[in-house]
Structures are given as C-alpha cells and as structure tokens.
Enquirer: 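The following block contains the structure, expressed as structure tokens.
Just the heavy atoms: all of them, side chains too, but no hydrogens, waters or symmetry mates, feed the values below. All figures in this text were calculated on a predicted structure; none of them were measured in a lab. Reminder, nothing fancy here: chain letters follow the sequence lines and each chain counts from 1.
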There are 2 protein chains.
Amino acid sequence: MKMPYRFTSSFPYLLNRVGVRMGELFSRKLAAHDLTLPMYRVMAVLRQEGAQRLSDLSAMVTVEISTLSRLVTAMKRKGLVSRVRPEDNGRTVRIDLTKAGEKLVDDLMPIAAHFEEVGIKTFSHNEVAWLKNALKQIHDNLQDLDRTIP
Amino acid sequence: MKMPYRFTSSFPYLLNRVGVRMGELFSRKLAAHDLTLPMYRVMAVLRQEGAQRLSDLSAMVTVEISTLSRLVTAMKRKGLVSRVRPEDNGRTVRIDLTKAGEKLVDDLMPIAAHFEEVGIKTFSHNEVAWLKNALKQIHDNLQDLDRTIP
DNA sequence: TTGCAAAATTTGCATTTACAATGTTTATGC
DNA sequence: GCATAAACATTGTAAATGCAAATTTTGCAA
C-alpha cells in the first residue's frame, strides 16, 4: 500500500534538520574563535584543495559568490586568508590561507570531526561509507536536473 | 590504514551541500508564488501536525524562534496562517493554516516531492528507508549530546 | 494576595544574505 | 587592431537572520 506523504519524513526535511543541528553545535565552538560556520568551511576547503579562485571556492563551499566575496573581505581583515590578482589573469582572484589561517583551521578540524563522530557513532564503518556515498549520489542527481532544466 | 581527514568527504560537508542544492531548486519554484523556503516548511508542518504554538513550530521547522515570529507575521499578512492567543493560556500563541494556506501547500507538496524523487531516483525503496532512518538517528545522536553538554 | 520566578513571545539592532547592477579584465569575430 | 562579447569579481540595496533585551502572561511560594 502507498504511504501518505509525510513532510516530516521527507528527505529534504530530515536533511535540513540534521544539517542545522550539526551546524549549531559547531558554531558555538567557532564563536569562541570569533568565527562563523561559512568562514570555517572556506578555510577547510582551502586547506584541502589549496588556493582557489573565488568562483571555484563558491562552488565548493556552496555559498553564493557575492556573499563569499564579502566573507573573504572579512577573513582577510582577520588575517586568515590572502587575496591577490594573478598576473596572468587579472579578472580572477586567488584566495589562499595565511599561516595563521592554516594554524587555526588545523586546530578546528578535530572539533568538527568530533561532532561528526558523535552523530555517526551508532553506525558501522561500512554504513557510514554507504551513507556518504548516497549523499554524494543524490547531489549529483540534483546537479544533473539543474543542467537539464535551467 | 587510517584515511586522512578530508573535509569534502566529511558528513557535514556532504549534508550541507545536498541540502543547499535541493533548497535552491525548490526555492525557484516557490518564488513564482512569492514564497520562501522557510514559509513552505512552516506550512507543510502545520498541514501535517495541525495548529502549533510558536515554540513547538520552531522546534519542528528548525528555525530560530525570533526569526519565526517575524516569518509568521509576514505569512499572516499574506493570509496564509492565523495567529491567535488562546483564552486558556494567553502567553502562548496558536498558529494555524488558513484555507488559502492549506490550498497553497497542497499544490506545492507534489513539487517538493518531485525534487525529492529526482534526488533519490537511483536508490531502491529499502535504501531510501534506511537512509531516512539514518538521518533521523544521527539527529537524535546530536540531540543527546546537546542535552548532555549544554 | 502579593510578589517573584518561569514560560512564551516579540522587538531592537547589528550582521548576513541574495539578487541585480556595475565594474574590470580577457577573449573573439571581423 | 578594434569593437564587442564573455568571464569574474565586487558593490548597492533590500530582506532575512540571530542574539540579547524587553514584554506579557502564568505559576508558585510565603
């Protein structure tokens, strides 16, 4: 038999709910360092991928590019990142972590990892791997739709 | 062997990414009705659960209560919800869908369901059920932490 | 019953965000 | 080689958000 549609059992609802919760928990820790969650995400991506153009960073962090532009301004003021226009292509901009930013994000990542750990502690290694892969897959499915019907 | 920590393979990252994407897609549809995603979520919860107090609604929709207060004001202005103070407890407030709000959310839910469908189309029924349950479980794990260490 | 704490919501205010418009720099067609 | 388009990034502006403070109503103890 077909189940009736339940909003609170829908994927977007469950997704948003756990995402917001996890974000809140971590944000409290970040506040002690005078940081926001988007700032952390930017630093974490830069740490992993190295210097990025603004638009690429925007895609990786899933934050609107104009928002990111201002965010980077604030982070630069804090001495966390550098922003330079490369000589070979002056319309782009190259964002990178400073030493201080690197140090800070290295301190914070274990805390983020801890919250992740708490969330997934009731799952096996394989289950977590499957789950993460599913999230990746679903994202791709939605991206495909986005390309098909703009 | 232990894998190095990869931010872009972390659960919070994958979660946020797919959540934002799905939200964006649906938001575009909502814009045609002059609605925002939080507004839809409020309506969907009210549709499923019936009238709610503001604080309960806040918990269900995972939106900050002061934000919700203003959101409800805007929705009331649009004629989507009613807001009354019950006689038996004048410090609470009772939010409920109007007929118009009910009609609107009934029209929108299939669209939301469609995007969900697109996202999870590559998974079996059982897999989706497992996935949703996992998200619920993880949320609970985090809630427990929240209660343990405030 | 009166006064005080708790519960629930609202508001003040500063920050963040999104969309559109604008500004630069590079690439392309003729 | 020059005009024009395309690619990237920034800024103007209005709306959304979050925290703290204020407000209103209820519950409780003396």
Side-chain angles (χ1 to χ4, degrees), chain A residues 16 19-42 51-78 81-96 150, chain B residues 16 19-21 23-42 51-78 80-96 150:
Chain A
N16 177 255
V20 170
R21 267 285 161 271
M22 193 168 280
E24 275 178 1
L25 286 171
F26 188 39
S27 286
R28 291 187 213 159
K29 300 290 179 184
L30 290 176
H33 298 267
D34 208 34
L35 287 180
T36 65
L37 194 51
M39 286 178 184
Y40 169 76
R41 292 194 179 122
V42 165
Q52 298 287 319
R53 307 188 318 174
L54 195 68
S55 48
D56 292 335
L57 198 53
S58 164
M60 298 209 64
V61 184
T62 323
V63 66
E64 220 272 329
I65 195 165
S66 70
T67 303
L68 184 61
S69 178
R70 288 177 232 256
L71 185 62
V72 166
T73 301
M75 294 176 73
K76 185 173 154 64
R77 203 181 321 120
K78 286 172 177 291
V81 299
S82 60
R83 166 161 58 181
V84 298
R85 289 198 178 272
E87 292 188 359
D88 58 332
N89 188 350
R91 58 189 161 169
T92 70
V93 79
R94 182 187 169 84
I95 322 278
D96 203 356
Chain B
N16 176 255
V20 170
R21 266 289 161 268
E24 275 178 2
L25 286 172
F26 189 39
S27 287
R28 290 187 213 160
K29 299 291 178 184
L30 290 176
H33 299 265
D34 208 33
L35 288 180
T36 65
L37 193 51
M39 285 178 184
Y40 169 77
R41 292 194 179 124
V42 164
Q52 298 287 321
R53 308 187 319 173
L54 195 68
S55 48
D56 293 334
L57 198 53
S58 163
M60 298 209 63
V61 184
T62 322
V63 66
E64 220 273 326
I65 194 165
S66 69
T67 302
L68 184 60
S69 178
R70 289 178 235 256
L71 186 60
V72 167
T73 301
M75 293 175 74
K76 185 173 154 65
R77 203 181 321 120
K78 286 173 176 291
L80 301 172
V81 299
S82 59
R83 166 161 58 181
V84 298
R85 290 197 179 272
E87 292 186 0
D88 59 332
N89 189 350
R91 59 190 159 170
T92 69
V93 79
R94 182 187 169 83
I95 322 275
D96 203 357

Enquirer: Can you give me the closest heavy-atom contact between A/Arg91 and A/Arg85, atom names plus distance?
Expert: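 Looking at all heavy atoms of both residues, the closest pair is O-NH1, 3.4 Å.
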Enquirer: Is B/Arg94 touching bases, backbone alone, or none of the nucleic acid, heavy atoms closer than 4.0 Å?
Expert: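 It contacts nothing in the nucleic acid.
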Enquirer: As an exercise, state the distance from CG of B/Leu30 to CG of B/Leu37, rounded to the nearest 0.5 Å.
Expert: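 If I round to the nearest 0.5 Å, the distance is 6.0 Å.
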Enquirer: Heavy atoms, side chains only, cut-off 4.5 Å: are A/Leu57 and A/Leu68 in contact?
Expert: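 They are in side-chain contact.
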Enquirer: Could you give the CD-to-P distance, from B/Glu87 to D/dT25, as a whole number of Å?
Expert: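 To the nearest whole Å, that distance equals 14 Å.
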Enquirer: Going by the rule salt bridge (charged side-chain N to carboxylate O under 4.0 Å, His left out), which residues pair with B/Asp88 if we only count those two or more places apart in sequence or in a different chain?
Expert: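 Listed in chain order: nothing, the list is empty.
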Enquirer: Can you tell me if B/Arg83 and B/Thr73 form a side-chain donor-acceptor pair at under 3.5 Å?
Expert: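 There is such a pair (donor and acceptor under 3.5 Å, judged by atom type) between the side chains of B/Arg83 and B/Thr73.
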Enquirer: Can you see which heavy atom on B/Glu64 is nearest to which on B/Ser58, and at what distance?
Expert: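 Heavy-atom minimum between the residues: C-OG, 4.2 Å.
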Enquirer: Check nucleotides 11-18 of chain D against the protein and report each pair of N or O atoms closer than 3.5 Å, with its distance, or say if there are none.
Expert:
residue	atom	partner	partner atom	Å
D/dG12	N7	A/Arg70	NH2	3.4
D/dG12	O6	A/Arg70	NH2	2.3
D/dT13	O4	A/Arg70	NH2	3.4
D/dG18	OP2	B/Thr67	OG1	3.1
D/dG18	O6	B/Arg70	NH2	2.8

Enquirer: Which nucleotide of DNA chain C is the first, and which the last, in the 5' to 3' direction, to come under 4.0 Å of a heavy atom belonging to chain B?
Expert: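 First-to-last contact on DNA chain C, by the 4.0 Å heavy-atom rule, is C/dA6 to C/dC13.
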Enquirer: A/Leu54 has an atom CG; how far is it from atom C1' of D/dC8, in whole Å?
Expert: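 Rounding to the nearest Å, CG of A/Leu54 and C1' of D/dC8 are 8 Å apart.
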Enquirer: Are any non-hydrogen side-chain atoms of A/Val63 and A/Leu71 less than 4.5 angstrom apart?
Expert: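 No, too far: nothing below the 4.5 Å cut-off.
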Enquirer: Roughly how far apart are B/Asn16 CG and A/Arg41 CZ, rounded to 0.5 Å?
Expert: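 With rounding to 0.5 Å, CG (B/Asn16) is 3.5 Å from CZ (A/Arg41).
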